[in-house]
Protein chains: 2
Amino acid sequence: MSATGTPITNAIRRLRFEHGEMTQQALADACGITRQTVIALEGGKYAPSLELAFRIARTFGAGLEDVFQWKE
Amino acid sequence: MSATGTPITNAIRRLRFEHGEMTQQALADACGITRQTVIALEGGKYAPSLELAFRIARTFGAGLEDVFQWKE
DNA sequence: TCGGAATGTAAGCTACACATGACATTGTGT
DNA sequence: ACACAATGTCATGTGTAGCTTACATTCCGA
């Protein structure tokens with residue numbers, strides 16, 4: 001795993017567990033995306049669009065930079 | 001103008017002026033993008049990728065949410 | 001008055017974010 | 001032992017972010 005093809009990492013998986021027993025499907029529904037996308041994001045396959053990043057952060061009640069990190 | 005096709009707005013143009021006489025070309029060079037992209041972003045044509053959003057924010061020495069706003 | 005710097009518009013192209021659907025695996029409860 | 005929920009893989013398709021090239025406009029200094 002950890003086949004990162006993007007210089008952006010995220011704390012989605014950790015936040016998901018910290019937010020009760022939130023499943024990938026539950027997060028996907030809350031953000032209006034598919035479970036496939038959640039899997040890809042958690043697996044670091046690619047970085048989300050800025051819009052989706054906002055929706056994910058808001059779902060966790062967090063700021064953008066609490067969820068996504070930019071490793072220059 | 002203001003033909004927004006995205007629910008995300010930005011303060012790029014304002015920040016550019018607030019950062020000395022920073023031209024679109026200077027910002028583009030600093031972010032590693034083209035002037036066309038700066039024009040499109042300022043014109044609200046589309047939202048940048050998360051990675052580009054980070055580079056722009058960092059160029060201005062600001063946080064992501066200081067530059068980009070998410071209007072649900 | 002002419003040249004260059006800054007801004008804007010438009011067409012066509014490529015890369016990738018995200019979707020859909022089908023299937024494999026693992027863990028848990030009954 | 002079997003159903004089911006949760007996670008993951010693979011394949012394929014579409015929309016759009018961002019690029020390139022080219023041209024038009026406005027403004028300012030020599």
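So that the names make sense, note that chain A is the first sequence line, chain B the second, and so on, each numbered from 1.
- Under the side chain to side chain contact (heavy atoms under 4.5 Å, CB included) criterion, Arg13(B) pairs with Arg16(B), Phe17(B), Gln24(B), Glu42(B), not counting sequence neighbours.
- Atom CD of Glu21(A) has 12 or fewer neighbouring heavy atoms from other residues, nucleotides or ligands inside a 6.0 Å radius.
- Here Ala47(A) pairs with Thr6(A), Ile8(A) under the side chain to side chain contact (heavy atoms under 4.5 Å, CB included) rule; sequence neighbours left out.
- For the pair Ile12(A) CD1 and dA6(D) C1', the computed distance is 17 Å after rounding to whole Å.
- A search for side chain to side chain contact (heavy atoms under 4.5 Å, CB included) contacts involving Ser49(B) returns Glu51(B), Leu52(B), not counting sequence neighbours.
- For the atom pair Asp29(A) CG and Thr34(A) OG1, the distance stands at 10.0 Å (nearest 0.5 Å).
- Contacts of residues 13-20 of chain A with DNA chain D (heavy atom under 4.0 Å): Arg13(A), Arg16(A).
- Rounded to whole Å, atom P of dT26(D) lies 16 Å from atom CD1 of Ile39(B).
- Put simply, CD on Gln25(B) is 14 Å from C1' on dG8(C), counting in whole angstrom units.
- Gln24(A) has a side-chain polar atom (N or O) that falls below the 4.0 Å cut-off from OP1 or OP2 of dG8(D).
- With rounding to whole Å, Asn10(B) atom CG is found 12 Å from dG18(D) atom P.
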Can you check nucleotides 15-23 of chain C for protein contacts, nitrogen or oxygen pairs under 3.5 Å, and list what you find?
unit_1: dA17(C); atom_1: O5'; unit_2: Ala47(A); atom_2: O; d: 3.2
unit_1: dC18(C); atom_1: OP1; unit_2: Ser49(A); atom_2: N; d: 3.0
unit_1: dC18(C); atom_1: OP1; unit_2: Ser49(A); atom_2: OG; d: 2.5
unit_1: dC18(C); atom_1: OP2; unit_2: Ser49(A); atom_2: N; d: 3.1
unit_1: dA19(C); atom_1: OP1; unit_2: Thr34(A); atom_2: N; d: 3.4
unit_1: dA19(C); atom_1: OP2; unit_2: Thr34(A); atom_2: N; d: 3.1
unit_1: dA19(C); atom_1: OP2; unit_2: Thr34(A); atom_2: OG1; d: 3.0
unit_1: dA19(C); atom_1: OP2; unit_2: Thr37(A); atom_2: OG1; d: 2.1

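- Looking at residues two or more places apart in sequence or on another chain, you find no side chain to side chain donor-acceptor pair (under 3.5 Å) involving Gln36(A).
- Glu42(A) has its CD atom 11 Å from the P atom of dT9(D), to the nearest Å.
- Residue Arg14(B) comes nearest to Asp66(B) through the heavy atom pair NH2-O, 4.5 Å, listed as atom of the first residue, atom of the second, then distance.
- Considering every non-hydrogen atom in both Phe60(A) and Met22(A), the closest pair reads CE2-SD, 3.8 Å.
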